[in-house]
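Report on the structure given below.
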Amino acid sequence: MAEHGTAGVHDGLRAVFAGQDLERIPEEAWRKYGLTAKTLDLSYNLLKTLDGIQKFSVLEELILDNNELDDSSLQLPLLTHLRTLTLNKNQITDTEQILTTLKEKCPNLHYLSLLGNQACPNELLGTGHDDEDYQRYRYYVIFKMPNLAFLDSKPVTSQERKEAKRVGEFMKIVRPSAEVFQAAEKKPRSSDSEYTPLPQSQAAQGQHKGVFGKCKYVYYGKHSEGNRFIRNNQL
């Protein structure tokens, strides 16, 4: 779509380009407000790149909710003043990658929200995750970024900080690579390879082996079950 946004700016400190169907940050934004804007709102657009964000040298708050940013899009410059970053409802899947980037490029980040991305296993996303999955994710994020005061929709508690120090490094979310999924999809499936409890050497048709013997136990129950428990000497 064509870019057709105009900004609403208050006191020269807040630049708003929300809901403009922008696919990239418009030149107008950084030319007019790059040196003064402390808040930049680019939510509800179609952003696939953050090229131009390096022109905003004093940013403290960056709002990128509801865009089309993925793991490869998050090429951030050093943003030493940034304290708040919201990336809700984008297409971010790699938790480790984004945390590594943010820790390096946004060293003073205090508020982070990743809700609505696969990288954030919140049950509201409808991906089968539960509260325990989300809590493990929180421990890992807090472990990686100990300066955070607020994560997603909740403040970071002192108990979470304590637990993150203890187990956070073991809460890393690991997902199979794209190559693994592609290999699994290409692997031929045969109806002959169905599961069987028999050993492979005995699984072929006509090669099954069975055993029989005498049972030394006798049933003395009150309720008869027919000839199911007839003794051998009664045959």
Side-chain angles (χ1 to χ4, degrees), residues 1-10 13-30 32-34 37-56 58-77 79 81-127 129 133-134 137-138 140-142 144-145 147-156 173:
M1 293 187 179
E3 297 174 359
H4 54 273
T6 56
V9 180
H10 304 282
L13 300 178
R14 181 177 176 86
V16 181
F17 287 84
Q20 305 294 320
D21 290 343
L22 302 172
E23 295 182 359
R24 60 189 305 113
I25 300 173
E27 184 176 339
E28 171 193 357
W30 55 263
K32 288 186 176 180
Y33 316 113
K38 293 188 176 183
T39 295
L40 177 61
D41 186 349
L42 291 163
S43 58
Y44 293 94
N45 282 296
L46 303 171
L47 292 181
K48 295 180 174 66
T49 175
L50 292 178
D51 186 38
I53 200 68
Q54 69 275 11
K55 303 290 186 178
F56 292 84
V58 294
L59 269 186
E60 296 180 3
E61 181 180 18
L62 180 57
I63 304 170
L64 297 167
D65 302 337
N66 292 275
N67 277 285
E68 298 181 7
L69 298 168
D70 59 20
D71 298 321
S72 62
S73 305
L74 298 175
Q75 305 297 321
L76 294 174
L79 299 169
H81 299 284
L82 194 68
R83 295 176 58 84
T84 298
L85 175 63
T86 63
L87 282 159
N88 301 312
K89 293 189 176 180
N90 277 275
Q91 298 173 13
I92 302 166
T93 62
D94 193 329
T95 309
E96 179 70 16
Q97 179 178 318
I98 187 172
L99 293 180
T100 300
T101 298
L102 295 180
K103 186 174 183 178
E104 177 184 352
K105 302 297 185 179
C106 309
N108 295 307
L109 198 64
H110 281 67
Y111 180 108
L112 173 66
S113 189
L114 296 171
L115 292 170
N117 291 280
Q118 288 187 30
C120 172
N122 187 276
E123 59 182 351
L124 297 178
L125 192 60
T127 54
H129 296 291
D133 294 324
Y134 180 64
Y137 151 85
R138 285 182 66 88
Y140 186 65
V141 175
I142 297 166
K144 293 284 287 186
M145 304 187 68
N147 290 335
L148 285 181
F150 210 99
L151 176 60
D152 298 330
S153 59
K154 298 189 298 184
V156 176
I173 300 172

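- Inter-residue side-chain proximity for Glu23 and Leu46 is flagged as met; some heavy-atom pair is nearer than 4.5 Å.
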Practice task
With ring-ring contact (aromatic ring centres under 6.0 Å, His included) as the test, would you mind laying out the steps for Tyr137 and Tyr134 before giving the verdict?
Solution key: CA-CA 5 Å; Tyr137 151 85; Tyr134 180 64; 5.4 Å; yes

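- One finds the CG atom of Leu47 at 11.0 Å from the CD atom of Gln20 (value rounded to the nearest 0.5 Å).
- Between Ser73 and Thr49 the shortest side-chain heavy-atom distance does not fall below 4.5 Å.
- A distance of 10.5 Å separates OG of Ser72 from CD1 of Ile92, quoted to the nearest 0.5 Å.
- Between the side chains of Asp70 and Thr93, no donor-acceptor pair is found at a separation under 3.5 Å.
- Note that the CG atom of Leu64 and the CD1 atom of Ile25 stand 7.5 Å from one another [nearest 0.5 Å].
- Asn66 contributes atom CG, which lies 7.5 Å from atom CG of Asn90 (distance to the nearest 0.5 angstrom).
- Going from atom OH of Tyr33 over to atom CZ of Arg14 covers 13.0 Å, rounded to the nearest 0.5 Å.
- The residue from Leu62, Leu102, Asn108, Ile53 that alone fulfils the side chain to side chain contact (heavy atoms under 4.5 Å, CB included) condition with Leu82 is Leu62.
- A 6.0 Å sphere centred on NZ of Lys48 holds more than 12 heavy atoms belonging to other residues, nucleotides or ligands.
- In summary, Glu60 and Arg83 do not engage in a salt bridge, as defined by a charged side-chain N under 4.0 Å from a carboxylate O.
- For OH of Tyr111, the number of neighbouring non-hydrogen atoms (other residues, nucleotides, ligands) closer than 6.0 Å is greater than 12.
- In this structure, the side chains of Glu96 and Lys144 come closer than 4.5 Å at one or more pairs of heavy atoms.
- Proximity of Leu87 to Ile98: side-chain heavy atoms (C-beta onward) are separated by under 4.5 Å at one or more points.
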Practice task
Check the pair Asn147, Leu109 against side-chain contact (heavy atoms from CB on, under 4.5 Å), reporting the backbone distance first and the verdict last.
Solution key: CA-CA 7 Å; Asn147 290 335; Leu109 198 64; over 6 Å; no

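- Distance check: Ile63 CD1 to Leu40 CG gives 8.0 Å after rounding to the nearest 0.5 Å.
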